[in-house]
Amino acid sequence: MNTKKRFLGALACCLLAAAVIPGAVPSKKKIAISLERKEIREMDGSGLVLVFYLEIANSERAAYSLVEYDYRVVVENTDYFVLRTALEESIPVPGETATRISLPLKITYPDLLERVPAAAAGPKALCYVIGEMVFADSRGRQEKIPFAFSGEFPIFRPIEIEIRPVEVKTITIGGADFTVAYTLRNKNSFEMILGRLTYRLDLDGRTVAEGVVPPGKRIESQGEITLSLPHMLEFFEVGREVFDIMQKPAAAGELAVRSRAESIWGDIELDSIHKGDIRISRAQ
């Protein structure tokens, strides 16, 4: 039995468990909960938010209010977390109409991989959320409605940076002409289209290069791109110390790169830093 079949089997059991309340007399529910769509937001190297957009249909003339809900989240057939919430401000559900609400699930990668190690094995994880919403009318009478929805989300691997040696073409007492080049590697199973990219290079604690790369560059799944960016420095503006740094064979460096990328999973915040010794080469 493959992973998908196991997941569907577990989901079917949960749906059945949610629909059967021991000792209760079957009756037509006045309120129905359905899933409209799912969306991934705020994805970066630390995690993401998986949002379920729900429609709550009230078939009665009487108005209700959502006052409480509880649910558990299962990822790769393992319990991830349980949440029970009594709302400080109830959400009105007018009679004979549909009300739309969102149910956001915060997924934090370090916490997820500690609790559900199996999620680290693949490019994405299967999950489902199962629970109950409690509605009350003006007299305080309650309707308890079970729900269960499935979803999936990527296990995002941050972009890797490899910086090439800083190539100094010319250097004088007044300034330097040099090139900064670095490679961005995408270890994910999906393509990304970079938006406006900003970068900054520090050598021995001094900023020697910074700039902006126009949007539109693509990094294929398991692919990479290399950016080669020319720069000029005037030492009277940045300090005489930078002249000494550019004369060295290597310096302690930090390259920070930031962008916002488009993907099949939605937008991704990219924020990567490379730290380590960086070689400095000079034209012969």
Between V134 and L66, is there a shared hydrophobic cluster once you connect ILVMFWY residues whose side-chain heavy atoms come closer than 4.5 Å? no

Heavy-atom side-chain contact between S46 and Y109 under 4.5 Å: no

If you round to the nearest 0.5 Å, how far is OG1 of T172 from CD of E234? 9.5 Å

Just wondering, more than 12 heavy atoms not from K248 lying within 6.0 Å of its NZ? yes

Under the salt bridge (charged side-chain N to carboxylate O under 4.0 Å, His left out) rule, what do K169 and E167 come out as? Steps first, then yes or no, please. CA-CA 6 Å; K169 297 179 180 179; E167 297 182 1; over 6 Å; no

Check against side chain to side chain contact (heavy atoms under 4.5 Å, CB included), V129 and L50: CA-CA 11 Å; V129 54; L50 174 58; over 6 Å; no

Are the side chains of Y199 and L227 in touch, meaning some heavy atoms are under 4.5 Å apart? no

From CA spacing to verdict: salt bridge (charged side-chain N to carboxylate O under 4.0 Å, His left out), R115, D79: CA-CA 8 Å; R115 298 187 188 190; D79 282 342; over 6 Å; no

Check the hydrophobic clustering (I, L, V, M, F, W, Y; side-chain heavy atoms under 4.5 Å; chains of links allowed) and say if I31 and L54 are grouped together. yes

Can you find a heavy atom in the side chain of F153 that is under 4.5 Å from one in the side chain of L105? no

Does some side-chain heavy atom of V213 sit less than 4.5 Å from a side-chain heavy atom of T198? no

Starting at CZ of R41, measure out to NZ of K106 and round the result to the nearest 0.5 Å. 12.5 Å

Indicate if F236 and V242 have the same hydrophobic cluster label, given that clusters are the connected sets of ILVMFWY residues with side-chain heavy-atom separations under 4.5 angstrom. no

Any side-chain heavy atom of Y182 within less than 4.5 Å of one from L229? yes

Going through the distances and angles, do Y71 and F52 end up as a side chain to side chain contact (heavy atoms under 4.5 Å, CB included)? CA-CA 13 Å; Y71 60 85; F52 291 87; over 6 Å; no

Could you tell me whether E210 and R200 have a side-chain N and a carboxylate O separated by less than 4.0 Å? no

Carefully, step by step, assess I155 and L112 under the rule side chain to side chain contact (heavy atoms under 4.5 Å, CB included). CA-CA 10 Å; I155 305 299; L112 172 70; 4.0 Å; yes

For the pair K144 and E132, find out whether any cationic side-chain nitrogen is under 4.0 Å from an anionic carboxylate oxygen. no

Is the shortest distance from a Lys or Arg side-chain nitrogen in E220 or R218 to a carboxylate oxygen in the other one below 4.0 Å? no

State the CG-CD1 distance between L194 and I225, to the nearest 0.5 angstrom. 5.0 Å

Please lay out, stage by stage, how K38 and E152 fare under the test salt bridge (charged side-chain N to carboxylate O under 4.0 Å, His left out). CA-CA 9 Å; K38 295 166 283 189; E152 62 181 14; over 6 Å; no

Report the distance from atom CD1 of I163 to atom CD1 of I278, rounding to the nearest 0.5 Å. 3.5 Å

For R196, I'd like to know if atom CZ has over 12 heavy atoms of other residues, nucleotides or ligands within 6.0 Å. no

The residue among I91, D70, I101 that forms side chain to side chain contact (heavy atoms under 4.5 Å, CB included) with M133 is I101

Show, in sequence, the C-alpha distance, side-chain angles and deciding distance for E68 and R84, and conclude whether the salt bridge (charged side-chain N to carboxylate O under 4.0 Å, His left out) test is met. CA-CA 8 Å; E68 183 181 321; R84 184 177 184 86; 2.5 Å; yes

Identify the heavy atoms of V93 and F135 that sit nearest to each other, and give their distance. CG2-CE2, 4.0 Å

Report whether L103 and L87 are members of the same hydrophobic cluster (ILVMFWY, side-chain heavy atoms less than 4.5 Å apart, transitive linking). yes

Can you measure from CD1 (I161) to CG (L184) and round to the nearest 0.5 angstrom? 6.0 Å

Tell me whether the guanidinium CZ or amine NZ of R240 lies under 6.0 angstrom from the six-membered ring centre of F235 and within 45° of its axis. no

With the side chain counted from C-beta on, respond yes when V180 and H231 share a heavy-atom pair under 4.5 Å apart, and no when they do not. yes

Would you please say whether a donor-acceptor pair under 3.5 Å links the side chains of T179 and S228? no

Under 4.0 Å between a Lys/Arg side-chain N and an Asp/Glu carboxylate O for D271 and R258? yes

Using side chain to side chain contact (heavy atoms under 4.5 Å, CB included), reason through E96 and E60 one step at a time and then give a plain yes or no. CA-CA 5 Å; E96 297 182 327; E60 293 288 296; over 6 Å; no

Here's a test for you: under side chain to side chain contact (heavy atoms under 4.5 Å, CB included), which of M192, E224, R185 qualifies with I159? M192

When you look at CD of E237, are more than 12 heavy atoms from neighbouring residues, nucleotides or ligands closer to it than 6.0 Å? yes

Shortest non-hydrogen contact from T108 toward Y80: N-OH, 3.5 Å

